[in-house]
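Contents: one structure, followed by commentary.
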Amino acid sequence: MPAARALDEARSRLEGSADTAHPWLSPFDAAALASESALAMRDLGRLDDALAHAEQAVSLREAGRARSLALSRITLVDLHVRRGDLDAAVSVGHDLLSTSPTLGSIRVVHQLDDLRRALEPYKTFGPVREYLVRFDDARRARMLLLADIIPLPPGGTPI
């Protein structure tokens, strides 16, 4: 499988040096590899492998890099939803909402929107319904932070 071989090659080359001198550059490190591996395994339908990589990415990112941590947690919640483990999705989802609530990232906002759509079919499940209320409140607050970057939808109020 080409994707798996490419991930193995990336893992073997990870030992190489990364240019981290510029504050806008993110190094390709073990956490980045774990995150990319999770996405590749998800796309290949290997959800158990994807979950293991996503959990590793979150674990490696907990010490810093709020945006990367948020994106990794979004992936982890999505994988739990895809696997039908709604309790785990909600648990990680609460961690996600506490990940730097002032983080102003359009990419994070768009992925949160996708995550909301993935959870919507399960809103009859009490914990998901309660989580979505908290999620919507957090999203509104985040959109206020990005008001100058993201135009308001027709009607003028953040969704």
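Note that this is a predicted model, so its numbers are computed, not measured.
Contact detail for D78 and A118: the closest heavy-atom pair is OD1-CB, 4.4 Å. Here the shortest heavy-atom pairing between S72 and R61 reads OG-CG, 4.4 Å. Between A54 and A38, the shortest heavy-atom contact is N-CB, 3.6 Å. Annotation for D95 and S98: closest pair O-OG, 2.8 Å, computed over non-hydrogen atoms. Nearest heavy-atom pair, L96 versus A70, reported as atom, atom and distance to 0.1 Å: CD1-O, 3.5 Å. The two atoms that bring V92 and R73 nearest to each other are CG1-O, 4.0 Å, heavy atoms only.
Note that OG of S91 is 9.5 Å distant from CG of D85, once rounded to the nearest 0.5 Å. The distance from atom OG of S37 to atom CZ of R46, rounded to the nearest 0.5 Å, is 10.0 Å. Between L33 atom CG and E36 atom CD the span is 8.5 Å, to the nearest 0.5 Å. To the nearest 0.5 Å, the span separating CZ on R116 from CG on L132 amounts to 4.5 Å. In this structure, CG on D113 lies 4.0 Å from CZ on R139, to the nearest 0.5 angstrom. Rounding to the nearest 0.5 Å places CG of L112 at 10.5 Å from CG of L119.
Put simply, L60 and L51 are part of two different groups of oily side chains (I, L, V, M, F, W, Y) that touch within less than 4.5 Å, one to the next. Hydrophobic clustering keeps L47 apart from L39 (ILVMFWY residues linked when any side-chain heavy atoms are closer than 4.5 Å, directly or through intermediates).
A salt bridge links R117 and D114; the closest N-O separation between the charged side-chain nitrogens and carboxylate oxygens is under 4.0 Å. In this structure, E120 pairs ionically with K123, as a charged nitrogen and a carboxylate oxygen lie closer than 4.0 Å.
For the ring pair (Phe, Tyr, Trp, His ring centres under 6.0 Å) condition, no pair includes a residue of residues 60-83, sequence neighbours left out.
Side-chain contact check for R42 and H53: no donor-acceptor pair (N or O, by modelled atom type) lies under 3.5 Å.
Summarising the local packing, OH of Y122 is surrounded by 12 or fewer heavy atoms from other residues, nucleotides or ligands at distances under 6.0 Å.
Using modelled atom types, one side-chain atom of Y131 and one backbone atom of G93 make a donor-acceptor pair closer than 3.5 Å.
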